[in-house]
Student: 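Take a look at the following structure, please.
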Number of protein chains: 2
Amino acid sequence: MDTPTLDDLRVSASRACALLRVLAHEDRLVLLCRLAEREHTVGELEQALGIVQPTLSQQLGVLRREGLVDTRRDGKYIHYRIASDDALAVMQTLHARFCADTTNHGDTR
Amino acid sequence: MDTPTLDDLRVSASRACALLRVLAHEDRLVLLCRLAEREHTVGELEQALGIVQPTLSQQLGVLRREGLVDTRRDGKYIHYRIASDDALAVMQTLHARFCADTTNHGDTR
DNA sequence: AAAACAATATATCTGACGATATATTGTTGG
DNA sequence: CCAACAATATATCGTCAGATATATTGTTTT
């Protein structure tokens, strides 16, 4: 468990970076927050988050292509849910750090 | 501990997103990996990572301005170290997910 | 303490990528 | 076949990364 080779590090960093690039977008992050609770239809997300539908669809498309979410069609509606454990793990870390309990204002920075 | 208001969510997402944008860059990620072990001088980082000095200095500048690293001058050399617990927490999550022990190839995706 | 040298930082420019908005097309249910 | 919902295509625009040149800061030697 010592320092990895530069190549190994680069390979891991490249993969991690690909995930981070998808997460580093406020709309997508908020979408994933909601989806982390439970699955949602596009219409629900649109209403809950106030994102206009085409924008929403594009960002959902990014999440789909990158494998962070999966879809399920139920008649007219399409339900989205989180599909990536990696993404979920990062989301949980972020939640603990940035959405922590507002009663506890310990500034651990 | 139920669903936050949209405003709260947006505020948290905005802050988290700011961190993610800084992390979502392969060179910066690799830099932070090395700095997570111990502090390093610019010259050490340059040699260890094969990044040309001006590029390195620019990325270190980003990390500094965003408060992810801190510096200490020792004569001719400037030592960099990680300064943000938030960044460190995300780095640890990423390490566990993407740099896991190569002997254990469990694909938990 | 001044000159020469080494380490680090900054400025400027160019090219490429990513985001947004608008328009259009596809699909489902009645 | 019409209305509502969702996805996609396209054009425009801004932002960011990388390269080169240059500036700044500190150290060492005399």
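Worth saying up front: this structure is predicted, and the values here are computed from it rather than measured.
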Student: Rounding to an integer number of Å, can you tell me how far E44(A) CD sits from dC5(D) C1'?
Tutor: 14 Å
Student: Can you check each nucleotide of nucleotides 23-30 of chain C against protein heavy atoms at under 4.0 Å and return B for base, S for sugar-phosphate only, - for none, in 5' to 3' order?
Tutor: -----SS-
Student: Rounded to whole angstrom units, what separation is found between the CZ atom of R21(A) and the P atom of dA16(C)?
Tutor: 17 Å
Student: I51(A) has an atom CD1; how far is it from atom P of dA7(D), in whole Å?
Tutor: 14 Å
Student: Let's see if you get this right: which residues in residues 57-66 of chain A place a heavy atom under 4.0 Å from DNA chain C?
Tutor: Q58(A), Q59(A)
Student: The side chain of V52(B) is closest to which nucleotide in this list: dA17(D), dA6(D), dA19(D)?
Tutor: dA19(D)
Student: Could you check whether the side chain of Q53(B) and the base of dA7(C) have a donor-acceptor pair of N or O atoms closer than 3.5 Å, going by distance alone?
Tutor: no
Student: Does dA7(D) have OP1 or OP2 under 4.0 Å away from a side-chain N or O of Y80(A)?
Tutor: yes
Student: Considering only heavy atoms from C-beta outward, does the side chain of Y80(B) approach that of V42(B) to under 4.5 Å?
Tutor: yes
Student: Using side chain to side chain contact (heavy atoms under 4.5 Å, CB included) as the criterion, point out the one residue from L68(A), V30(A), V69(A) that pairs with L35(A).
Tutor: V69(A)
Student: Would you find a donor on one side and an acceptor on the other, under 3.5 Å apart, between the side chain of R28(A) and the backbone of V22(A)?
Tutor: yes
Student: Quiz question: by atom type and distance under 3.5 Å, do the side chains of H40(A) and R38(A) form a donor-acceptor pair?
Tutor: yes
Student: Measure NE2/H40(A) against C1'/dA6(D) and give the value in whole Å, please.
Tutor: 18 Å
Student: At under 4.0 Å, does any side-chain N or O of H25(A) touch on OP1 or OP2 of dT15(D)?
Tutor: no
Student: Taking the side chain as every heavy atom from C-beta outward, state whether V52(A) and P54(A) have any atom pair closer than 4.5 Å.
Tutor: yes
Student: Between E46(B) (CD) and dA7(C) (P), how many Å, whole number?
Tutor: 9 Å
Student: Kindly say whether D8(A) contributes a backbone atom to a donor-acceptor pair with the side chain of S12(A) at under 3.5 angstrom?
Tutor: yes
Student: Any side-chain N or O of T55(A) under 4.0 Å from OP1/OP2 of dA19(C)?
Tutor: no
Student: Is there a side-chain contact (heavy atoms from CB on, under 4.5 Å) between L31(B) and Q59(B) once you walk through the steps?
Tutor: CA-CA 9 Å; L31(B) 281 171; Q59(B) 302 312 334; 4.1 Å; yes
Student: Between H79(B) and dT8(C), is there a side-chain N or O to OP1/OP2 distance below 4.0 Å?
Tutor: no
Student: Quickly work out the Y77(B) OH to dG26(D) C1' distance and round it to whole Å.
Tutor: 11 Å
Student: Can you tell me the distance, in whole Å, between the CD atom of Q47(A) and the P atom of dC5(D)?
Tutor: 11 Å
Student: I'd like to check the salt bridge (Lys or Arg N to Asp or Glu O under 4.0 Å) partners of E26(B); sequence neighbours left out, ordered by chain and number.
Tutor: R10(A)
Student: Less than 4.5 Å apart, any side-chain heavy atom of F98(A) and any of L19(B)?
Tutor: yes
